[in-house]
Structure formats: structure tokens, C-alpha cells
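To keep things clear, I will list the structure first and then write my remarks on it.
Just so you know, residue 1 is the first one in the sequence shown, and it goes up from there. Reckoned from all heavy atoms, side chains included, excluding hydrogens, waters and symmetry mates.
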Amino acid sequence: MGGVGEPGRGPAQPRAPLPTFRWEQIRPHNLPGDKWLVIERRVYDISRWAQRHPGGSRLIGHHGAEDATDAFHAFHQDLSFVRKFLQPLLIGELAPEEPSQDGPQNAQLVEDFRALRQAVKDMKMFEAKPAFFALLLGHILAMEVLAWLTIYLLGPGWVPSTIAALILVISQAQSWYLQHDLGHMSVFRKSQWNHVAQQFVMGQLKGFSAHWWNFRHFRHHAKPNIFYKDPDVTVAPVFLLGELSIEYGKKKRRYLPYNCQHLYFFLIGPPLLVLVNFEVENLAYVLMYMRWTAQSGVRTCPPEAHQAEGWMTLVPPPGYLESSALLHPPLQDLLWAASFYARFFLSYIPFYGVPGALLLFVAVR
């Protein structure tokens with residue numbers, strides 16, 4: 001048997017009956033250094049393994065003291081391989097009289113969604129067609145070229161510039177969708193091909209870090225719309241959603257006229273989200289990641305990100321070797337993003353100058 005979190009080796013040994021646990025015994029084990037979770041009614045102690053989890057300790061920690069069966073199936077492609085790493089972490093199973101889920105979950109609703117997922121899988125609707133995505137990528141590249149040709153042939157007037165900006169907006173939006181599917185490893189059967197293709201689309205066509213997006217987006221899917229766990233709904237102190245408005249009210253915090261946020265959302269929301277929050281968060285992620293990997297001297301999984309008052313701070317984990325990269329992942333992302341900015345500004349500065357090219361960039365973003 002390997003070490004903690006290592007795949008088992010050698011012939012199988014006869015095992016004693018597994019201890020059984022009740023949910024009331026499992027609930028207390030949701031602390032930073034003491035985490036259990038349940039998968040397929042089996043109880044696992046991930047206290048030490050969480051820091052070595054390839055997706056980051058924060059992602060797996062969100063399921064502490066919970067049933068993580070659906071998340072386990074959703075986030076892992078090769079379940080038989082992953083189960084080899086789970087085996088050394090097994091400490092018991094749920095008592096027969098205990099429900100599979102703890103808390104006020106609707107068991108029938110969970111079963112219905114599982115049946116729906118299996119039906120969709122049986123209909124092969126999860127099987128992607130790479131030819132379609134190849135055509136989509138070709139469509140995006142063609143629009144990038146068409147936008148530049150519009151300015152080159154017609155000049156940088158208002159009408160050609162508006163047409164070119166609209167073409168680039170469509171191209172950028174399609175790039176978001178394409179990298180999203182690649183990030184979910186939904187296009188190619190081999191994970192590495194998805195990673196490489198996503199880095200090209202997210203880096204060269206968008207100017208963002210693929211690792212940053214995956215780290216952020218996977219936490220969204222792990223706990224969608226859960227405050228402090230889903231970064232997509234943690235937008236304080238600019239906007240307050242759900243329970244945060246009550247919390248800010250009790251603490252007498254009033255940085256903005258929150259009673260009017262529904263009026264100013266569309267005015268500052270989209271520009272602030274893409275031009276400020278995403279850009280700053282993306283850059284901070286890459287720079288902090290590079291700094292920590294330079295200090296540690298190893299290739300690691302993405303740094304842990306914690307939401308405090310809605311603002312992201314990056315704290316590196318103890319470390320997890322990422323053997324799939326030839327370069328440090330943050331350096332790869334930085335080079336890909338730099339190639340986007342170099343291409344964009346070298347293409348449009350000759351027509352608009354630096355101020356005009358910046359204005360076009362902001363408009364398209």
C-alpha cells in the first residue's frame with residue numbers, strides 16, 4: 001500500500017469490516033487541518049491529502065463534512081484511476097440507517113438529477129465533436145483577420161472602426177465560450193490536448209491566464225451561488241447580494257449607496273468586472289504564482305485564493321508537483337497573454353496611434 005493519497009501497490013490484503021459513522025460524527029470534521037468527506041457512502045479522511053489535491057485544497061475543502069459524490073463524478077474523467085488514490089484515505093462508511101446526504105437536501109431531487117445525467121450520458125450528448133470546435137476556432141481566427149482587413153482597406157474612420165469593433169466583440173465572445181469548453185476538458189479525450197488548446201485560446205486570443213480561469217471557474221461549479229465559496233457572486237463591497245446586505249447592515253458598513261445598486265449596476269458593473277476586476281485578479285494571480293514558484297523552486301498547482309470582504313488575496317499552498325508542464329505554468333500563461341497584447345497593439349497602433357488603440361481595446365473588452 002502506498003503512502004497517504006498514493007495509489008495502492010501489491011496484492012490486495014483481506015480487510016476487516018469498515019467502521020460505520022453517523023452524520024453527527026462526521027459534521028465536526030470540517031476544520032482546516034481536519035476534514036472528512038463522503039463519496040458513494042464511504043467516509044474519507046482528506047486532512048493531509050487536501051494540500052496535495054491537484055485542484056487545490058480550497059476546492060476540495062468546500063465539501064468538508066459533506067456528501068461529495070456528485071462533485072467527485074463531475075470533476076474527474078477517469079474515476080477508476082482516481083479511486084486508487086482514495087483507497088488509502090478510506091476510514092469507514094455511513095451507517096446503513098443514515099441517508100446518503102446530510103442536511104435539508106431533497107433526496108428525490110438529487111436522484112432525479114443523477115438519473116437525468118445518466119440518461120444524457122447514455123444518449124452520448126457528452127461526447128464532443130472536435131471537428132465542430134475546429135470550425136469554431138477557424139471562425140474566430142477569420143473574424144480577427146477580417147477586423148484588421150476592415151481597417152487596413154477602409155481606413156480608421158468611424159464607420160470602419162465601428163464595424164471592426166463589432167467583429168472583434170463577436171470574436172472575443174466566441175473565444176470565451178471556446179476556452180470555457182476546453183477548460184472543462186470537454187473537447188478532446190486527452191486532458192493534455194484540452195490544456196494546450198485552452199492556453200492558446202485564453203492566452204493568444206483573450207490575453208488571460210488559463211490557470212487563473214480554471215481555478216476561479218471550478219470553484220464556481222463546486223459551490224454555485226454560495227457566498228464566500230463561489231467567486232462569481234462575491235462582488236462586495238461594490239455590490240451586495242443576498243446575506244451580505246444583512247451582514248453589512250449589521251456592521252454599519254456603507255461604502256456605496258447600496259439601495260440604488262440596481263440602478264448603477266449596468267453603468268459600472270460590466271466595465272468594472274472585465275476591465276478592472278478580471279484584469280487585476282488575473283495579473284495578481286500570475287505574479288503571485290510566479291513569485292511563489294521562484295521561491296519554492298518547484299512547479300506547483302495554482303495558489304490558494306481566499307475571498308476576504310470580496311477582494312481576492314492569494315496565498316500559496318504547501319505545494320503540489322505539476323508534471324504536465326514543460327515551463328512553469330505562470331510563465332506559460334504570461335507569455336501567452338503577452339503574445340495577445342503584442343499582436344493586438346502592433347496590429348492597430350499603426351492606424352490609431354497608442355491612445356486610439358487603447359480606446360479600441362477598451363471598447364472591445
Side-chain angles (χ1 to χ4, degrees), residues 53-63 68 70-77 117 126 128 133 136-137 140 172-188 191-236 239 241 269-270 272-286 288-289 300-307 310-317 320 322 324-325 329-330 332-334 336-337 340 365:
H53 182 241
S57 62
R58 189 171 180 82
L59 182 64
I60 194 172
H62 284 336
H63 298 281
D70 293 308
F72 176 74
H73 284 265
F75 281 96
H76 303 98
Q77 289 183 313
R117 186 182 188 279
F126 288 142
F133 290 96
L136 178 58
L137 177 59
I140 292 170
Q172 289 287 291
Q174 292 297 321
S175 296
W176 270 122
Y177 296 132
L178 178 57
Q179 75 82 25
H180 173 273
D181 290 343
L182 290 165
H184 279 286
M185 294 181 286
S186 302
V187 178
F188 301 106
S191 299
Q192 186 65 20
W193 294 4
N194 286 289
H195 290 316
V196 172
Q198 187 197 18
Q199 281 192 311
F200 170 77
V201 176
M202 192 60 161
Q204 166 57 221
L205 299 181
K206 295 295 300 180
F208 285 105
S209 163
H211 288 86
W212 160 75
W213 173 258
N214 289 342
F215 180 66
R216 177 189 178 92
H217 196 59
F218 288 172
R219 287 186 295 137
H220 159 71
H221 278 289
K223 290 291 180 179
N225 298 330
I226 302 298
F227 294 108
Y228 300 114
K229 293 184 178 182
D230 180 359
D232 288 355
V233 296
T234 307
V235 289
F239 302 105
L241 303 176
L272 187 66
L273 179 66
V274 179
L275 291 174
V276 179
N277 186 58
F278 277 7
E279 295 282 0
V280 172
E281 186 180 309
N282 174 75
L283 183 61
Y285 178 93
V286 173
M288 179 64 75
Y289 195 174
T300 64
C301 69
E304 288 303 311
H306 297 271
Q307 297 284 345
W311 300 104
M312 176 169 283
T313 57
L314 300 175
V315 181
Y320 180 86
E322 186 176 285
S324 62
Q332 287 181 329
D333 288 352
L334 190 62
W336 276 117
F340 162 80
R365 272 288 201 240

Apply side-chain contact (heavy atoms from CB on, under 4.5 Å) to His211 and Phe215, showing your working.
CA-CA 6 Å; His211 288 86; Phe215 180 66; over 6 Å; no
Looking only at heavy atoms, what is the nearest atom pair of [X] and [Y], with distance?
X: Phe218; Y: Gly183; result: CZ-O, 3.4 Å
X: Asn282; Y: Gly207; result: ND2-O, 4.2 Å
X: Ala197; Y: Phe188; result: CB-CE1, 4.0 Å
X: His73; Y: Arg117; result: O-NH2, 3.8 Å

Check whether any side-chain heavy atom of [X] lies under 4.5 Å from a side-chain heavy atom of [Y], and answer yes or no.
X: Leu137; Y: Phe200; result: yes
X: Asp232; Y: Arg216; result: yes
X: Phe208; Y: Phe340; result: no

Main-chain N/O of [Y] paired with [X] side-chain donor or acceptor, under 3.5 Å:
X: Gln172; Y: Leu205; answer: yes
X: Asp181; Y: Ser186; answer: no
X: Asp230; Y: Asn225; answer: yes

Would you sort out whether Met185 and Trp193 count as a side-chain contact (heavy atoms from CB on, under 4.5 Å), showing the intermediate values?
CA-CA 9 Å; Met185 294 181 286; Trp193 294 4; over 6 Å; no
Taking side chain to side chain contact (heavy atoms under 4.5 Å, CB included) as the criterion, tell me which of Gln198, His195, Met202 meets it with Leu182.
Gln198
By the definition side chain to side chain contact (heavy atoms under 4.5 Å, CB included), identify the one residue from Leu59, Ile226, Asn214 that meets it with Arg219.
Leu59
Assign the ring pair Trp213 / His217 to parallel, tilted or perpendicular, where the plane angle (0 to 90°) is split at 30° and 60°.
parallel
Count the heavy atoms of every other residue, nucleotide or ligand shown that sit under 6.0 Å from CH2 of Trp176, and state whether that count exceeds 12.
yes
Looking at [atom1] of [X] and [atom2] of [Y], how far apart are the two atoms once the value is rounded to the nearest 0.5 Å?
X: Arg365; Y: Glu279; atom1: CZ; atom2: CD; answer: 4.5 Å
X: His62; Y: Lys229; atom1: NE2; atom2: NZ; answer: 6.5 Å
X: His184; Y: Gln179; atom1: NE2; atom2: CD; answer: 9.0 Å
X: Ile140; Y: Phe133; atom1: CD1; atom2: CZ; answer: 10.5 Å

Given Gln199 and Gln204, is the side-chain contact (heavy atoms from CB on, under 4.5 Å) satisfied, shown in steps?
CA-CA 8 Å; Gln199 281 192 311; Gln204 166 57 221; over 6 Å; no
Before you tell me yes or no, could you show the steps for Phe72 and His63 under side-chain contact (heavy atoms from CB on, under 4.5 Å), namely the whole-Å CA-CA distance, both residues' side-chain angles and the distance that decides it to 0.1 Å?
CA-CA 10 Å; Phe72 176 74; His63 298 281; over 6 Å; no
